[in-house]
Amino acid sequence: MILVTGATGILGRLVVDRLLDRLPATDVAVIVRDPDQAAEVAARGVDVRRGDYDDPDGLRAAFAGAGTVLFISAPVTVSGRLEQHRNVVRAAAAAEVGRIAYTSGLGADFVDEGVLGEHHQTEEWIAESGLPAVILRHPIYSELYINPGLQTAIEAGELTSSTGGRGLNTATRADLAEAAAAAVTATEVSATYNFTGSVWTYPELAEVLGEVSGRPVAYREVESEEGFLGALAEVIRAGGFEVQTDDLERLLGRPPMSLRGTVLAALPALQRP
């Protein structure tokens with residue numbers, strides 16, 4: 001049995017859907033804080049168990065009988081995230097699950113500070129637990145950059161960034177969820193995957209926006225900007241988001257979603273008959 005934590009989150013729901021494409025519902029279980037929020041998957045025959053990352057004893061009971069625990073990391077906005085991760089790993093070890101799979105972050109094998117540092121520490125705890133492990137290192141989600149907010153750029157006819165034209169190796173949640181389902185149903189007991197999508201740039205994004213909308217969208221480089229992209233701009237300009245592997249494509253059995261496909265998924269009104 002494969003047990004998925006955080007199954008009512010955006011990624012968790014996608015993972016459960018992809019697992020049910022591969023396995024009968026009786027081979028899938030989920031852990032959620034509020035079982036009422038998982039009524040849909042319960043109706044499909046999935047075993048819904050209550051569990052909370054802040055409750056180690058409850059987690060240990062919920063993990064009983066699991067062959068694989070797919071541990072979806074807590075949101076970065078959660079206070080006490082690292083303590084929650086330790087609770088999950090300890091509970092999985094105490095419950096003697098068959099193995100643990102963890103959604104880590106790309107670069108967590110060598111970065112030991114910040115958000116990646118939390119993934120780094122969690123990976124260390126998993127290694128120390130002695131459990132067979134599948135480590136799924138995710139890049140930043142494409143949806144954080146490519147989302148309905150781009151409609152504003154289309155209407156203005158201009159897209160800006162301070163990325164210096166350098167590339168980003170993001171991947172969609174849908175592709176990462178499908179890859180996770182493939183990884184935990186594969187024959188390998190232990191494995192580590194470094195996932196990246198196809199590298200794209202903001203000038204390329206402006207071109208695609210123009211193509212799919214039928215309205216010209218120019219690209220303009222700016223010195224600095226606010227928000228999520230601005231906070232990462234220095235790393236992007238240094239090429240820190242251009243690393244690529246074929247791990248995601250190999251697990252998917254196809255190329256990751258293209259930049260054009262990602263834009264059309266984010267802005268479905270632009271899809272033409």
Side-chain angles (χ1 to χ4, degrees), residues 1-9 11-16 18-20 22-23 25-35 37-38 41 46-76 78-105 108-109 112 115-138 176-177 179-195 251:
M1 178 184 64
I2 297 174
L3 192 154
V4 182
T5 73
T8 54
L11 179 65
R13 289 180 184 274
L14 291 169
V15 170
V16 172
R18 299 292 73 79
L19 283 174
L20 291 175
R22 296 169 176 267
L23 299 171
T26 51
D27 289 346
V28 180
V30 299
I31 289 184
V32 296
R33 285 185 299 174
D34 181 1
Q37 298 298 313
V41 293
V46 172
D47 180 14
V48 176
R49 305 179 181 186
R50 188 189 181 285
D52 190 314
Y53 289 175
D54 289 317
D55 178 11
D57 292 335
L59 286 173
R60 178 177 177 177
F63 287 157
T68 297
V69 169
L70 175 50
F71 168 26
I72 295 179
S73 57
V76 295
V78 170
S79 176
R81 181 178 187 240
L82 196 54
E83 181 68 22
Q84 291 184 336
H85 285 192
R86 182 167 59 179
N87 289 341
V88 174
V89 175
R90 287 180 171 177
E96 298 181 344
V97 304
R99 65 174 174 169
I100 187 169
Y102 172 61
T103 58
S104 186
D109 48 334
D112 60 2
V115 172
L116 283 179
E118 294 178 337
H119 287 307
H120 181 92
Q121 178 62 74
T122 304
E123 287 191 21
E124 286 193 349
W125 285 330
I126 290 172
E128 292 166 1
S129 76
L131 292 172
V134 176
I135 303 299
L136 309 167
R137 296 189 181 124
H138 287 186
L176 294 169
V184 297
T185 55
T187 55
E188 293 88 352
V189 175
S190 299
T192 298
Y193 300 97
N194 294 291
F195 292 145
L251 271 182

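Given the structure is predicted, the values throughout are model-derived calculations rather than measurements. What you see below is based on every heavy atom in this structure, not just the backbone, and it leaves out hydrogens, waters and symmetry mates.
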Smallest separation among heavy atoms of His119 and Thr103, with atom names: CE1-O, 3.6 Å
For Glu123 and Ser104, which I'm curious about, is there any donor-acceptor pair between the side chains at under 3.5 Å? yes
Can you sort out the partners of His120 under ring pair (Phe, Tyr, Trp, His ring centres under 6.0 Å), two or more places apart, ordered by chain and number? none
Can you name the nearest heavy-atom pair linking Gly12 to Ile72, along with the distance? CA-CD1, 3.5 Å
Are any non-hydrogen side-chain atoms of Asn87 and Tyr53 less than 4.5 angstrom apart? no
Looking at Glu124, I'd like to know if its CD atom is crowded, meaning that more than 12 non-hydrogen atoms belonging to other residues, nucleotides or ligands lie closer than 6.0 Å. yes
The reported gap from CG in Leu136 to OH in Tyr102 (rounded to nearest 0.5 angstrom) is 10.5 Å
Heavy-atom nearest pair, Ser190 first then Val134, reads CA-CG2, 4.5 Å
Between Arg13 (side chain only) and Thr8 (backbone N and O only), is there a donor and an acceptor less than 3.5 Å apart? yes
Could you state the interatomic distance from CD1 (Ile126) to CG (Leu131), rounded to the nearest 0.5 Å? 8.5 Å
Got a donor-acceptor contact below 3.5 angstrom from the Arg18 side chain to the Ala182 backbone? no
Name the atoms and distances for all side-chain donor-acceptor pairs under 3.5 Å in residues 56-64, with sequence neighbours left out.
none

Would you say Val32 and Gln37 make side-chain contact, with heavy atoms under 4.5 Å? no
Leu82 and Thr122, any side-chain heavy atoms less than 4.5 Å apart: yes
How about Glu83 and Asp54: do any of their side-chain heavy atoms sit closer than 4.5 Å? no
Rounded at 0.5 Å granularity, tell me how far CG in Leu19 sits from CG in Leu70. 7.0 Å
Check whether any side-chain N or O of Thr68 sits under 3.5 Å from a backbone N or O of Arg99 as a donor-acceptor pair, and report yes or no. no
How far apart are the closest heavy atoms of Leu20 and Ala25, and which atoms are they? CD2-CA, 3.7 Å
How long is the gap from OG on Ser73 to CD on Glu118, to the nearest 0.5 Å? 9.5 Å
Is the number of heavy atoms from other residues, nucleotides or ligands under 6.0 Å of Arg81 CZ greater than 12? yes
Qualifying residues under side-chain hydrogen bond (donor to acceptor under 3.5 Å, both in side chains), relative to Asn194, sequence neighbours excluded: Arg137
From Gln121 atom CD to Leu116 atom CG, the distance as rounded to the nearest 0.5 Å: 13.5 Å
Testing the basics here: between Ala74 and His85, what is the closest heavy-atom pair and its distance to 0.1 Å? N-NE2, 3.1 Å
How close do Ala180 and Val15 get, counting heavy atoms only, and between which atoms? CB-CG2, 4.3 Å
Under a 4.5 Å cut-off applied to non-hydrogen side-chain atoms, are Val69 and Ile31 in contact? no
